[in-house]
Amino acid sequence: MKRISIDPKRNNPPTRDLPVLTSTPAQLPPAKATKLHPSKSGEENAALFFVGTATTIIPTSSTQATMFISVQACQVSASPIRPSTCTTLPRIDLVLLSHYHEDHFDKKVEASLRRDLPIITTPHAKEHLTSKKQDPFTSVYALDPFEQIEINIEGTAGPGQPGLRVTGMPGKHVPSNLVEKLNSLVNVFPPTNGWMLELGHSTHTADISCGYRMYISGDTLMADELREIPKRYAGQRIDLMLAHLGGTTIPSPLVGRLMEPLALMVTMDAEQGLQLIQLIQPDVTIPIHFDDYDVFASPLEDFKRIMEVAGLLDKVVFLDRKDQYCFRVMDY
């Protein structure tokens, strides 16, 4: 298993033509609203802050350090936290990047990040991030599906200290048909990962005892590869799922060449979101990635309706931008 350490004292340095991204104060902006577990709450010690599109920030605290995890680097035009308007942002110590698409890794945000910032992503994205002729990223880690990496905070080694295990999850951005074969040639949609995050504490064996498990779907459709996830985690509770929805629909690249539909869906719509919940069976689901662009054809209201019909609406928490969801990481 791969292991890395992150240094919470590192700052984001000044960059050309952009404001300084400082880590003082090292805290999130004030939340517009705070949401809790739909049926049980109390003693929350962690939070998830929804920025916009597929971007969330997850701060986990200890007495010695605070670790900020940006699940996706924010897309500037869709984000209420904008480098163009903010002089301070929370310190970002680690980025999980599902794939190298500009709606998930905006160029302006990319330019603002320090080059030794740890980024966990796909092999395809790593190749792009580390091969740049100017200012390549130097701490990029690639995970294939079900490959793992453990992250510790420097200066907090030893049993009982906070830690994080990240496992790559399968994802498929295009349907399994001739479109997939064509995409392998033209590479319109790069390979994508989901993630399984296990937040917890180090043990005497240097492993991480999981106190909270979070599945992030990434930009994927319902595909046979996802059926391996509940098999791998059989008997292990998945506390939270971040589901990328929106039913992103674009013109088919095969129109005029083969008998293909006029539109191609490349992320889950409401119906597939329900299917994913039924497959993964998380304790709580938070939908994200649903209305920032005009290519999103499946509005959030569709998802609400289908979840209500399925009798699962009480298992969903809906966040607006700048809302936070607070939860408890158990100490085993």
Side-chain angles (χ1 to χ4, degrees), residues 1-8 10 46 48 54-60 62 65-73 91-100 104-105 113-131 136-171 190-220 225-226 228-229 232-233 236 238-242 329 332:
M1 180 187 298
K2 300 176 182 178
R3 286 185 171 87
I4 61 174
S5 295
I6 60 174
D7 184 356
R10 283 301 303 259
L48 179 149
T55 306
T56 58
I57 300 177
I58 306 169
T60 60
S62 72
T66 302
M67 177 167 55
F68 283 96
I69 306 162
S70 177
V71 173
Q72 309 284 353
R91 180 184 61 247
I92 301 300
D93 292 318
L94 174 68
V95 170
L96 304 183
L97 179 63
S98 64
H99 62 306
Y100 196 62
H104 291 261
F105 205 55
L113 300 173
R114 58 182 172 87
R115 271 18 207 178
D116 63 348
L117 173 68
I119 299 174
I120 301 174
T121 188
T122 64
H124 171 271
K126 177 181 178 178
E127 181 180 355
H128 282 269
L129 293 170
T130 59
S131 63
F137 286 90
T138 60
S139 298
V140 184
Y141 304 85
L143 292 184
D144 287 318
F146 302 111
E147 193 174 10
Q148 294 184 331
I149 189 168
E150 288 190 357
I151 298 96
N152 296 302
I153 301 173
E154 289 188 1
T156 62
Q161 295 298 332
L164 170 72
R165 181 166 51 235
V166 178
T167 306
M169 293 288 109
T192 185
N193 270 3
W195 308 108
M196 191 72 76
L197 278 61
E198 295 176 285
L199 288 76
H201 299 83
S202 299
T203 65
H204 290 278
T205 61
D207 197 4
I208 290 177
S209 175
C210 179
Y212 197 86
R213 187 172 288 109
M214 182 188 308
Y215 168 55
I216 304 164
S217 72
D219 277 11
T220 185
E225 290 84 345
L226 301 184
E228 183 67 20
I229 298 173
R232 298 267 184 151
Y233 289 88
Q236 301 180 67
I238 296 178
D239 298 282
L240 177 64
M241 178 169 75
L242 300 183
V329 178
Y332 293 118

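When every heavy atom of Gly168 is checked against every heavy atom of Trp195, the shortest pair comes out as CA-CE3, 3.9 Å. Shortest non-hydrogen contact noted between Asp116 and Arg114 is OD1-NH1, 2.8 Å. Here the closest non-hydrogen pair linking Glu147 and Ala142 is OE1-O, 4.0 Å. Listed here is the closest heavy atom pair of Val140 and Thr121: CG1-CG2, 3.7 Å.
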Let's go through Leu94 and Ile120 carefully: what are the C-alpha distance in whole Å and the side-chain angles of both, what is the deciding distance for side chain to side chain contact (heavy atoms under 4.5 Å, CB included) to 0.1 Å, and is it a yes or a no?
CA-CA 8 Å; Leu94 174 68; Ile120 301 174; 4.0 Å; yes

Take Thr122 and Asp144 through the side chain to side chain contact (heavy atoms under 4.5 Å, CB included) test and state the conclusion after the steps.
CA-CA 7 Å; Thr122 64; Asp144 287 318; over 6 Å; no

For Leu240 and Tyr212, run side chain to side chain contact (heavy atoms under 4.5 Å, CB included): C-alpha distance rounded to whole Å, both residues' side-chain angles, the deciding distance at 0.1 Å, then the answer.
CA-CA 8 Å; Leu240 177 64; Tyr212 197 86; 3.4 Å; yes

Could you go through the side chain to side chain contact (heavy atoms under 4.5 Å, CB included) check for Ile238 and Met214 one step at a time?
CA-CA 6 Å; Ile238 296 178; Met214 182 188 308; over 6 Å; no

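With hydrogens and angles disregarded, a donor-acceptor distance shorter than 3.5 Å links the side chain of Asp239 to the backbone of Arg213. Judged by distance alone, the side chain of Arg115 and the main-chain N or O of Leu113 form a donor-acceptor pair under 3.5 Å. Between the Asn193 side chain and the Leu143 main chain, a donor and an acceptor come within less than 3.5 Å of each other.
Atoms NE2 and NE2, from His99 and His124 in turn, are 10.0 Å apart once rounded to the nearest 0.5 Å. The CG atom of Leu197 lies 4.5 Å from the CD1 atom of Ile216; values are rounded to the nearest 0.5 Å. For the atom pair OH (Tyr233) and CE (Met196), the distance works out to 4.5 Å, reported to the nearest 0.5 Å.
Residues Pro170 and Leu226 have side chains in contact (heavy-atom distance under 4.5 Å, counting atoms from C-beta outward). Glu228 places a side-chain heavy atom less than 4.5 Å from the side chain of Phe146.
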